[in-house]
Protein chains: 2
Amino acid sequence: MERTTPRERRQAATRRALAEHALRLFAEQGYEATTVAEIADAADMSTRTFFRHVRDKDEAMFAADEDAFADVLRAAAAAGAHAPPLARLLHGVRVLAAAAGEDAEAKCARERVLEENPALRARDLAQQLRWQQQSEQFLRAQGVDADEASLAAGLTLTIWREAYRRWIAVSAVPGALGEFLDTVAGELPGQVAVPGARSR
Amino acid sequence: MERTTPRERRQAATRRALAEHALRLFAEQGYEATTVAEIADAADMSTRTFFRHVRDKDEAMFAADEDAFADVLRAAAAAGAHAPPLARLLHGVRVLAAAAGEDAEAKCARERVLEENPALRARDLAQQLRWQQQSEQFLRAQGVDADEASLAAGLTLTIWREAYRRWIAVSAVPGALGEFLDTVAGELPGQVAVPGARSR
DNA sequence: GTCGACATGACACATCGTGCCACAACGACG
DNA sequence: CGTCGTTGTGGCACGATGTGTCATGTCGAC
(Lines give C-alpha, C1' and ligand atoms only; values in the text may rest on other atoms or scores of the structure.)
Protein backbone atom coordinates (compact mmCIF):
# COMPACT_ATOMS: atom_id res chain seq x y z
CA MET A 1 0.00 0.00 0.00
CA GLU A 2 2.93 2.32 0.69
CA ARG A 3 1.30 4.99 2.83
CA THR A 4 3.33 8.19 2.99
CA THR A 5 3.43 10.21 6.17
CA PRO A 6 2.84 13.99 6.12
CA ARG A 7 6.46 14.44 7.09
CA GLU A 8 7.69 12.43 4.09
CA ARG A 9 5.41 14.36 1.75
CA ARG A 10 6.62 17.67 3.13
CA GLN A 11 10.27 16.67 2.70
CA ALA A 12 9.64 15.50 -0.85
CA ALA A 13 8.02 18.84 -1.65
CA THR A 14 11.02 20.67 -0.21
CA ARG A 15 13.39 18.61 -2.34
CA ARG A 16 11.28 19.31 -5.42
CA ALA A 17 11.34 23.04 -4.71
CA LEU A 18 15.09 22.95 -4.18
CA ALA A 19 15.59 21.12 -7.46
CA GLU A 20 13.49 23.64 -9.38
CA HIS A 21 15.22 26.67 -7.89
CA ALA A 22 18.66 25.12 -8.34
CA LEU A 23 18.03 24.23 -11.99
CA ARG A 24 16.62 27.69 -12.69
CA LEU A 25 19.51 29.52 -11.03
CA PHE A 26 22.14 27.29 -12.62
CA ALA A 27 20.55 27.88 -16.02
CA GLU A 28 20.24 31.63 -15.50
CA GLN A 29 23.63 32.51 -14.11
CA GLY A 30 25.75 29.36 -14.22
CA TYR A 31 26.63 26.72 -11.67
CA GLU A 32 29.81 28.25 -10.27
CA ALA A 33 28.32 31.72 -10.14
CA THR A 34 25.41 30.47 -8.04
CA THR A 35 26.06 30.20 -4.31
CA VAL A 36 24.37 27.89 -1.88
CA ALA A 37 23.07 30.97 -0.09
CA GLU A 38 21.19 32.06 -3.22
CA ILE A 39 19.50 28.69 -3.67
CA ALA A 40 18.64 28.56 0.01
CA ASP A 41 17.24 32.10 -0.14
CA ALA A 42 15.11 31.24 -3.16
CA ALA A 43 13.71 28.27 -1.27
CA ASP A 44 13.24 30.34 1.90
CA MET A 45 15.65 28.54 4.18
CA SER A 46 19.03 29.06 5.78
CA THR A 47 22.13 27.54 4.30
CA ARG A 48 22.37 25.26 7.32
CA THR A 49 18.93 23.88 6.60
CA PHE A 50 19.82 23.58 2.92
CA PHE A 51 22.55 21.12 3.83
CA ARG A 52 20.08 19.16 5.93
CA HIS A 53 17.90 18.48 2.88
CA VAL A 54 20.66 17.83 0.32
CA ARG A 55 24.14 16.50 0.79
CA ASP A 56 25.87 19.22 -1.22
CA LYS A 57 25.36 21.92 -3.82
CA ASP A 58 25.32 19.41 -6.68
CA GLU A 59 22.57 17.33 -5.20
CA ALA A 60 20.18 20.28 -5.04
CA MET A 61 19.57 19.90 -8.76
CA PHE A 62 19.01 16.13 -8.55
CA ALA A 63 17.11 16.06 -5.27
CA ALA A 64 13.77 15.42 -6.96
CA ASP A 65 14.98 12.59 -9.22
CA GLU A 66 15.73 10.28 -6.36
CA ASP A 67 12.20 8.95 -6.18
CA ALA A 68 11.56 8.64 -9.91
CA PHE A 69 13.20 5.28 -10.41
CA ALA A 70 11.00 3.04 -8.27
CA ASP A 71 8.30 3.30 -10.95
CA VAL A 72 10.70 1.87 -13.51
CA LEU A 73 11.29 -1.29 -11.53
CA ARG A 74 7.58 -1.60 -10.79
CA ALA A 75 6.84 -1.51 -14.51
CA ALA A 76 9.66 -3.93 -15.18
CA ALA A 77 8.18 -6.34 -12.66
CA ALA A 78 4.84 -6.03 -14.41
CA ALA A 79 6.45 -7.27 -17.63
CA GLY A 80 6.59 -10.72 -16.07
CA ALA A 81 9.49 -13.11 -15.60
CA HIS A 82 8.85 -14.96 -18.85
CA ALA A 83 10.22 -12.13 -20.99
CA PRO A 84 13.99 -11.86 -21.68
CA PRO A 85 15.85 -9.74 -19.09
CA LEU A 86 16.57 -6.90 -21.49
CA ALA A 87 12.94 -6.74 -22.59
CA ARG A 88 11.82 -6.50 -18.96
CA LEU A 89 14.05 -3.54 -18.24
CA LEU A 90 13.14 -1.82 -21.48
CA HIS A 91 9.49 -2.15 -20.56
CA GLY A 92 10.37 -0.38 -17.32
CA VAL A 93 12.20 2.57 -18.81
CA ARG A 94 9.25 3.35 -21.07
CA VAL A 95 7.63 4.65 -17.92
CA LEU A 96 10.55 7.00 -17.47
CA ALA A 97 10.20 8.06 -21.10
CA ALA A 98 6.55 8.94 -20.56
CA ALA A 99 7.38 10.94 -17.43
CA ALA A 100 10.16 12.83 -19.19
CA GLY A 101 7.77 13.79 -21.96
CA GLU A 102 5.66 15.70 -19.46
CA ASP A 103 8.11 18.57 -19.00
CA ALA A 104 10.28 18.57 -22.07
CA GLU A 105 11.42 22.16 -21.59
CA ALA A 106 12.85 21.43 -18.16
CA LYS A 107 14.72 18.43 -19.56
CA CYS A 108 16.28 20.59 -22.26
CA ALA A 109 17.32 23.23 -19.76
CA ARG A 110 18.73 20.54 -17.56
CA GLU A 111 20.70 19.08 -20.44
CA ARG A 112 22.18 22.47 -21.27
CA VAL A 113 23.29 22.90 -17.68
CA LEU A 114 24.84 19.41 -17.60
CA GLU A 115 26.59 20.15 -20.87
CA GLU A 116 28.37 23.16 -19.43
CA ASN A 117 29.30 21.76 -16.03
CA PRO A 118 31.42 18.61 -15.93
CA ALA A 119 30.88 18.28 -12.19
CA LEU A 120 27.11 18.11 -12.63
CA ARG A 121 27.47 15.77 -15.60
CA ALA A 122 29.56 13.49 -13.42
CA ARG A 123 26.91 13.52 -10.75
CA ASP A 124 24.29 12.64 -13.34
CA LEU A 125 26.35 9.71 -14.56
CA ALA A 126 26.84 8.46 -11.02
CA GLN A 127 23.09 8.51 -10.52
CA GLN A 128 22.61 6.51 -13.71
CA LEU A 129 25.14 3.98 -12.44
CA ARG A 130 23.15 3.56 -9.24
CA TRP A 131 20.04 2.95 -11.34
CA GLN A 132 21.94 0.38 -13.37
CA GLN A 133 23.00 -1.41 -10.21
CA GLN A 134 19.45 -1.38 -8.88
CA SER A 135 18.23 -2.82 -12.17
CA GLU A 136 20.84 -5.55 -11.96
CA GLN A 137 19.78 -6.43 -8.43
CA PHE A 138 16.17 -6.48 -9.55
CA LEU A 139 16.93 -9.00 -12.28
CA ARG A 140 18.98 -11.17 -9.96
CA ALA A 141 16.13 -11.16 -7.48
CA GLN A 142 14.01 -12.53 -10.30
CA GLY A 143 16.43 -15.40 -10.77
CA VAL A 144 18.52 -14.09 -13.64
CA ASP A 145 22.16 -15.18 -13.75
CA ALA A 146 24.49 -12.57 -12.23
CA ASP A 147 26.62 -11.86 -15.31
CA GLU A 148 23.58 -11.82 -17.59
CA ALA A 149 21.78 -9.42 -15.26
CA SER A 150 24.74 -7.06 -15.17
CA LEU A 151 25.12 -7.02 -18.92
CA ALA A 152 21.40 -6.54 -19.50
CA ALA A 153 21.33 -3.61 -17.07
CA GLY A 154 24.34 -2.07 -18.80
CA LEU A 155 22.76 -2.49 -22.21
CA THR A 156 19.50 -0.96 -21.03
CA LEU A 157 21.32 2.11 -19.77
CA THR A 158 23.19 2.41 -23.07
CA ILE A 159 19.93 2.21 -25.01
CA TRP A 160 18.32 4.78 -22.72
CA ARG A 161 21.22 7.18 -23.05
CA GLU A 162 21.35 6.91 -26.84
CA ALA A 163 17.58 7.37 -27.16
CA TYR A 164 17.68 10.31 -24.76
CA ARG A 165 20.53 11.88 -26.72
CA ARG A 166 18.54 11.67 -29.96
CA TRP A 167 15.46 13.01 -28.21
CA ILE A 168 17.34 16.05 -26.94
CA ALA A 169 18.83 16.51 -30.41
CA VAL A 170 15.30 17.02 -31.78
CA SER A 171 14.48 19.44 -28.93
CA ALA A 172 12.54 16.87 -26.92
CA VAL A 173 9.54 16.46 -29.17
CA PRO A 174 6.73 15.19 -26.91
CA GLY A 175 6.26 11.46 -27.19
CA ALA A 176 9.28 10.90 -29.39
CA LEU A 177 11.46 9.52 -26.60
CA GLY A 178 9.49 6.30 -26.44
CA GLU A 179 9.81 5.83 -30.19
CA PHE A 180 13.55 6.44 -30.01
CA LEU A 181 13.79 3.70 -27.40
CA ASP A 182 12.26 1.23 -29.83
CA THR A 183 14.40 2.51 -32.70
CA VAL A 184 17.66 2.14 -30.81
CA ALA A 185 16.72 -1.26 -29.45
CA GLY A 186 15.95 -2.32 -33.01
CA GLU A 187 19.41 -1.22 -34.18
CA LEU A 188 21.23 -3.37 -31.66
CA PRO A 189 21.17 -6.69 -33.58
CA GLY A 190 22.70 -5.01 -36.60
CA GLN A 191 25.48 -3.57 -34.48
CA VAL A 192 26.45 -6.74 -32.69
CA ALA A 193 25.76 -9.34 -35.36
CA VAL A 194 29.06 -9.26 -37.23
CA PRO A 195 31.92 -8.31 -34.89
CA GLY A 196 31.30 -10.66 -32.00
CA ALA A 197 33.83 -12.99 -30.42
CA ARG A 198 36.85 -13.41 -32.63
CA SER A 199 37.88 -15.92 -29.98
CA ARG A 200 41.51 -16.00 -31.10
CA MET B 1 56.93 12.48 -34.83
CA GLU B 2 55.47 13.84 -31.60
CA ARG B 3 58.60 15.16 -29.90
CA THR B 4 58.03 15.94 -26.22
CA THR B 5 59.76 18.89 -24.65
CA PRO B 6 61.58 18.51 -21.31
CA ARG B 7 58.95 20.74 -19.77
CA GLU B 8 56.14 18.44 -20.91
CA ARG B 9 57.96 15.38 -19.64
CA ARG B 10 58.59 17.00 -16.27
CA GLN B 11 54.93 17.96 -15.91
CA ALA B 12 53.81 14.46 -16.86
CA ALA B 13 56.13 13.01 -14.22
CA THR B 14 54.70 15.38 -11.62
CA ARG B 15 51.17 14.33 -12.51
CA ARG B 16 52.14 10.67 -12.26
CA ALA B 17 53.68 11.22 -8.83
CA LEU B 18 50.59 13.09 -7.68
CA ALA B 19 48.35 10.28 -8.89
CA GLU B 20 50.39 7.64 -7.06
CA HIS B 21 50.49 9.56 -3.79
CA ALA B 22 46.80 10.45 -4.02
CA LEU B 23 45.72 6.86 -4.67
CA ARG B 24 47.93 5.58 -1.86
CA LEU B 25 46.68 8.11 0.66
CA PHE B 26 43.04 7.68 -0.36
CA ALA B 27 43.42 3.91 0.00
CA GLU B 28 45.21 4.16 3.34
CA GLN B 29 43.07 6.67 5.18
CA GLY B 30 40.08 7.44 2.99
CA TYR B 31 39.30 10.25 0.56
CA GLU B 32 37.57 12.64 2.94
CA ALA B 33 40.13 12.09 5.67
CA THR B 34 42.95 13.02 3.30
CA THR B 35 43.60 16.74 2.91
CA VAL B 36 45.13 18.44 -0.09
CA ALA B 37 47.97 19.52 2.18
CA GLU B 38 48.87 15.90 2.86
CA ILE B 39 49.00 14.97 -0.84
CA ALA B 40 51.01 18.08 -1.60
CA ASP B 41 53.42 17.30 1.23
CA ALA B 42 53.88 13.73 -0.02
CA ALA B 43 54.74 15.10 -3.45
CA ASP B 44 57.00 17.79 -1.98
CA MET B 45 55.08 20.85 -3.03
CA SER B 46 52.90 23.54 -1.52
CA THR B 47 49.13 23.38 -1.74
CA ARG B 48 49.24 26.37 -4.03
CA THR B 49 51.46 24.50 -6.46
CA PHE B 50 49.27 21.41 -6.10
CA PHE B 51 46.36 23.34 -7.59
CA ARG B 52 48.57 24.47 -10.44
CA HIS B 53 49.10 20.86 -11.54
CA VAL B 54 45.59 19.51 -10.97
CA ARG B 55 42.25 21.24 -11.09
CA ASP B 56 40.99 19.92 -7.77
CA LYS B 57 41.47 17.22 -5.16
CA ASP B 58 39.59 14.63 -7.22
CA GLU B 59 41.76 15.09 -10.26
CA ALA B 60 44.93 14.24 -8.35
CA MET B 61 43.99 10.57 -8.54
CA PHE B 62 43.19 10.68 -12.26
CA ALA B 63 45.95 13.03 -13.35
CA ALA B 64 48.00 10.23 -14.93
CA ASP B 65 45.15 8.64 -16.90
CA GLU B 66 44.65 11.60 -19.15
CA ASP B 67 47.20 10.45 -21.69
CA ALA B 68 46.25 6.76 -21.79
CA PHE B 69 43.44 6.96 -24.33
CA ALA B 70 45.23 8.11 -27.46
CA ASP B 71 46.67 4.61 -27.84
CA VAL B 72 43.17 3.18 -28.01
CA LEU B 73 42.18 5.27 -31.00
CA ARG B 74 45.50 4.59 -32.68
CA ALA B 75 44.84 0.85 -32.39
CA ALA B 76 41.26 1.34 -33.56
CA ALA B 77 42.53 3.15 -36.63
CA ALA B 78 44.88 0.26 -37.31
CA ALA B 79 41.88 -2.07 -37.48
CA GLY B 80 41.02 -0.52 -40.81
CA ALA B 81 37.82 1.05 -42.07
CA HIS B 82 36.52 -2.16 -43.62
CA ALA B 83 35.64 -3.68 -40.22
CA PRO B 84 32.28 -2.89 -38.57
CA PRO B 85 32.40 0.17 -36.27
CA LEU B 86 31.98 -1.85 -33.08
CA ALA B 87 34.77 -4.23 -34.08
CA ARG B 88 37.11 -1.29 -34.71
CA LEU B 89 36.58 0.15 -31.27
CA LEU B 90 36.85 -3.25 -29.60
CA HIS B 91 40.17 -3.74 -31.30
CA GLY B 92 41.24 -0.44 -29.75
CA VAL B 93 40.23 -1.18 -26.18
CA ARG B 94 42.25 -4.40 -26.23
CA VAL B 95 45.26 -2.12 -25.97
CA LEU B 96 43.80 -0.65 -22.82
CA ALA B 97 43.21 -4.16 -21.50
CA ALA B 98 46.84 -5.06 -22.06
CA ALA B 99 48.01 -1.88 -20.29
CA ALA B 100 45.69 -2.51 -17.34
CA GLY B 101 47.10 -6.01 -16.94
CA GLU B 102 50.53 -4.50 -16.22
CA ASP B 103 49.65 -3.22 -12.77
CA ALA B 104 46.70 -5.25 -11.61
CA GLU B 105 47.24 -4.47 -7.93
CA ALA B 106 46.97 -0.75 -8.50
CA LYS B 107 43.75 -1.26 -10.46
CA CYS B 108 42.25 -3.25 -7.59
CA ALA B 109 43.24 -0.60 -5.05
CA ARG B 110 41.81 2.05 -7.31
CA GLU B 111 38.57 0.14 -7.67
CA ARG B 112 38.22 -0.18 -3.89
CA VAL B 113 38.69 3.56 -3.51
CA LEU B 114 36.12 4.29 -6.22
CA GLU B 115 33.72 1.87 -4.57
CA GLU B 116 33.78 3.78 -1.32
CA ASN B 117 33.67 7.33 -2.67
CA PRO B 118 30.75 8.31 -4.88
CA ALA B 119 32.43 11.59 -5.78
CA LEU B 120 35.46 9.79 -7.20
CA ARG B 121 33.25 7.24 -8.92
CA ALA B 122 31.38 10.10 -10.56
CA ARG B 123 34.65 11.57 -11.76
CA ASP B 124 35.64 8.23 -13.19
CA LEU B 125 32.35 7.93 -15.06
CA ALA B 126 32.74 11.42 -16.47
CA GLN B 127 36.15 10.47 -17.81
CA GLN B 128 34.67 7.38 -19.44
CA LEU B 129 32.02 9.56 -21.05
CA ARG B 130 34.71 11.78 -22.53
CA TRP B 131 36.38 8.68 -23.95
CA GLN B 132 33.07 7.57 -25.40
CA GLN B 133 32.61 10.93 -27.08
CA GLN B 134 36.13 10.83 -28.49
CA SER B 135 35.45 7.33 -29.84
CA GLU B 136 32.27 8.57 -31.47
CA GLN B 137 34.09 11.46 -33.11
CA PHE B 138 36.76 9.06 -34.31
CA LEU B 139 34.18 6.87 -36.04
CA ARG B 140 32.45 9.84 -37.60
CA ALA B 141 35.78 11.06 -38.92
CA GLN B 142 36.05 7.68 -40.61
CA GLY B 143 32.74 8.24 -42.34
CA VAL B 144 30.43 6.32 -40.02
CA ASP B 145 26.86 7.61 -39.73
CA ALA B 146 26.39 9.84 -36.67
CA ASP B 147 23.74 7.78 -34.90
CA GLU B 148 25.53 4.54 -35.63
CA ALA B 149 28.82 5.96 -34.33
CA SER B 150 27.20 7.11 -31.11
CA LEU B 151 25.54 3.77 -30.49
CA ALA B 152 28.71 1.82 -31.28
CA ALA B 153 30.73 4.00 -28.89
CA GLY B 154 28.13 3.49 -26.17
CA LEU B 155 28.10 -0.26 -26.71
CA THR B 156 31.89 -0.42 -26.59
CA LEU B 157 31.92 1.36 -23.25
CA THR B 158 29.26 -1.01 -21.91
CA ILE B 159 31.29 -4.02 -23.02
CA TRP B 160 34.45 -2.55 -21.49
CA ARG B 161 32.75 -1.84 -18.20
CA GLU B 162 31.18 -5.28 -17.94
CA ALA B 163 34.47 -7.00 -18.81
CA TYR B 164 36.33 -4.80 -16.34
CA ARG B 165 33.79 -5.61 -13.64
CA ARG B 166 34.25 -9.34 -14.15
CA TRP B 167 38.03 -8.90 -14.19
CA ILE B 168 38.00 -7.07 -10.87
CA ALA B 169 35.66 -9.75 -9.50
CA VAL B 170 38.38 -12.34 -10.11
CA SER B 171 41.01 -10.07 -8.51
CA ALA B 172 42.42 -8.87 -11.80
CA VAL B 173 44.04 -12.08 -12.99
CA PRO B 174 46.77 -11.00 -15.43
CA GLY B 175 45.66 -11.35 -19.03
CA ALA B 176 42.09 -12.25 -18.18
CA LEU B 177 40.70 -8.82 -19.05
CA GLY B 178 41.25 -9.34 -22.75
CA GLU B 179 39.47 -12.67 -22.62
CA PHE B 180 36.55 -11.13 -20.75
CA LEU B 181 36.24 -8.55 -23.51
CA ASP B 182 35.78 -11.33 -26.05
CA THR B 183 33.41 -13.21 -23.76
CA VAL B 184 31.14 -10.24 -23.18
CA ALA B 185 31.16 -9.26 -26.84
CA GLY B 186 30.14 -12.81 -27.64
CA GLU B 187 27.19 -12.64 -25.27
CA LEU B 188 25.69 -9.57 -26.92
CA PRO B 189 23.82 -11.28 -29.78
CA GLY B 190 22.06 -13.56 -27.32
CA GLN B 191 21.00 -10.57 -25.24
CA VAL B 192 19.60 -8.48 -28.04
CA ALA B 193 18.23 -11.15 -30.36
CA VAL B 194 14.78 -11.62 -28.87
CA PRO B 195 13.47 -8.40 -27.28
CA GLY B 196 14.19 -5.93 -30.03
CA ALA B 197 11.75 -3.51 -31.56
CA ARG B 198 8.21 -4.43 -30.64
CA SER B 199 7.29 -1.61 -32.97
CA ARG B 200 3.79 -1.25 -31.51
C1' DG C 1 -0.42 22.89 29.84
C1' DT C 2 3.57 19.91 29.52
C1' DC C 3 6.50 16.91 27.37
C1' DG C 4 9.26 14.87 23.66
C1' DA C 5 10.45 14.38 18.81
C1' DC C 6 11.67 16.87 14.97
C1' DA C 7 12.78 20.95 11.94
C1' DT C 8 15.17 25.07 11.74
C1' DG C 9 18.50 28.86 12.64
C1' DA C 10 22.97 30.93 14.33
C1' DC C 11 27.63 30.60 15.04
C1' DA C 12 32.25 28.69 14.87
C1' DC C 13 35.25 25.99 12.33
C1' DA C 14 38.08 23.05 8.93
C1' DT C 15 38.77 22.52 4.26
C1' DC C 16 38.72 23.71 -0.61
C1' DG C 17 40.03 26.48 -4.40
C1' DT C 18 41.59 31.08 -6.41
C1' DG C 19 43.58 35.83 -7.02
C1' DC C 20 47.35 38.39 -6.20
C1' DC C 21 52.01 39.44 -5.13
C1' DA C 22 56.82 38.07 -4.27
C1' DC C 23 60.85 35.50 -5.10
C1' DA C 24 64.14 32.44 -7.52
C1' DA C 25 66.11 30.16 -11.63
C1' DC C 26 67.31 30.67 -16.29
C1' DG C 27 68.23 32.17 -20.95
C1' DA C 28 68.31 36.21 -24.36
C1' DC C 29 69.99 40.44 -25.40
C1' DG C 30 72.44 44.83 -25.23
C1' DC D 1 78.14 42.36 -16.64
C1' DG D 2 73.46 43.94 -15.99
C1' DT D 3 68.66 43.93 -17.34
C1' DC D 4 64.66 41.98 -18.98
C1' DG D 5 61.09 38.37 -19.75
C1' DT D 6 59.55 33.68 -18.93
C1' DT D 7 58.53 29.90 -15.96
C1' DG D 8 57.81 27.59 -11.68
C1' DT D 9 57.04 28.09 -7.01
C1' DG D 10 55.51 29.74 -2.23
C1' DG D 11 52.85 32.91 0.92
C1' DC D 12 48.84 35.20 2.15
C1' DA D 13 44.19 36.65 2.10
C1' DC D 14 39.76 35.70 0.72
C1' DG D 15 35.14 33.71 -0.74
C1' DA D 16 32.72 29.50 -0.74
C1' DT D 17 31.58 24.78 0.76
C1' DG D 18 30.22 21.66 4.24
C1' DT D 19 29.82 20.13 9.37
C1' DG D 20 29.49 20.12 14.57
C1' DT D 21 27.20 22.15 18.22
C1' DC D 22 23.96 24.59 20.72
C1' DA D 23 19.62 27.20 21.02
C1' DT D 24 14.99 27.99 19.52
C1' DG D 25 10.58 27.00 17.56
C1' DT D 26 6.74 23.88 16.04
C1' DC D 27 3.51 20.33 16.49
C1' DG D 28 1.10 16.36 18.03
C1' DA D 29 0.27 13.14 22.17
C1' DC D 30 -1.16 12.88 26.57
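Every chain is numbered from 1 and lettered A, B, ... according to where its sequence line falls, protein lines coming before strand lines.
- By the 4.0 Å N-to-carboxylate-O rule, B/Arg16 lies too far from B/Glu20 to be salt-bridged with it.
- When rounded to the nearest whole Å, the span between CZ of B/Phe50 and P of D/dG8 equals 18 Å.
- The separation between B/Lys57 atom NZ and C/dT15 atom P is 9 Å, rounded to whole Å.
- Under the salt bridge (charged side-chain N to carboxylate O under 4.0 Å, His left out) criterion, the residue pairs touching residues 40-56 of chain B are B/Asp56-B/Arg123, with sequence neighbours excluded.
- Pairs of residues two or more places apart, or lying in two chains, that qualify as ring pair (Phe, Tyr, Trp, His ring centres under 6.0 Å) and include a residue from residues 23-68 of chain A are A/Phe26-A/Tyr31.
- In this structure, B/Ser46 reaches the D/dG10 phosphate: one of its side-chain N or O atoms is under 4.0 Å from OP1 or OP2.
- Summarising the geometry, the separation between CD on B/Glu59 and P on C/dG17 is reported as 10 Å, rounded to the nearest angstrom.
- Partners of B/Arg165 according to the side-chain hydrogen bond (donor to acceptor under 3.5 Å, both in side chains) rule, which considers only residues two or more places apart in sequence or in another chain, are A/Asp147, A/Ser150, B/Glu162.
- Atom CZ of B/Arg10 is separated from atom C1' of D/dT6 by 16 Å (rounded to the nearest Å).
- Under the 4.5 Å side-chain heavy-atom criterion for Ile, Leu, Val, Met, Phe, Trp and Tyr, B/Val95 and B/Leu157 are members of distinct hydrophobic clusters.
- Closest contact between the side chain of A/Phe51 and the listed nucleotides C/dG17, D/dT19, D/dT9 involves D/dT19.
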Nucleotide N/O to protein N/O under 3.5 Å, stretch nucleotides 21-25 of chain D:
{"unit_1": "D/dT21", "atom_1": "O4", "unit_2": "A/Arg52", "atom_2": "NH2", "d": "3.4"}

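- With respect to A/Glu59 and A/Arg15, no salt bridge is recorded, no charged nitrogen being found less than 4.0 Å from a carboxylate O.
- Atom CG of A/Asp41 and atom P of C/dA10 are 11 Å apart (whole Å).
- Around CD of A/Gln142, the count of heavy atoms belonging to other residues, nucleotides or ligands within 6.0 Å exceeds 12.
- The side chain of B/Gln11 places an N or O atom within less than 4.0 Å of a non-bridging phosphate oxygen (OP1 or OP2) of D/dG8.
- Partners of B/Asp65 according to the salt bridge (charged side-chain N to carboxylate O under 4.0 Å, His left out) rule, which considers only residues two or more places apart in sequence or in another chain, are B/Arg110.
- Taking 4.0 angstrom as the limit, A/His53 places a side-chain polar atom (N or O) nearer than this to OP1 or OP2 of C/dT8.
- Near-neighbour residues of DNA chain D inside residues 19-40 of chain A, defined by a heavy atom below 4.0 Å, number-ordered: A/Thr34, A/Thr35, A/Val36.
- Centroid-to-centroid, the aromatic rings of B/Trp167 and B/Phe180 stay 6.0 Å apart or farther.
- Distance, A/Asp56 CG to C/dT15 P: 18 Å, rounded to whole Å.
- Residue-to-nucleotide proximity on DNA chain D shows that, of A/Asp58 and B/Asp44, the 5′-proximal contact is made by B/Asp44.
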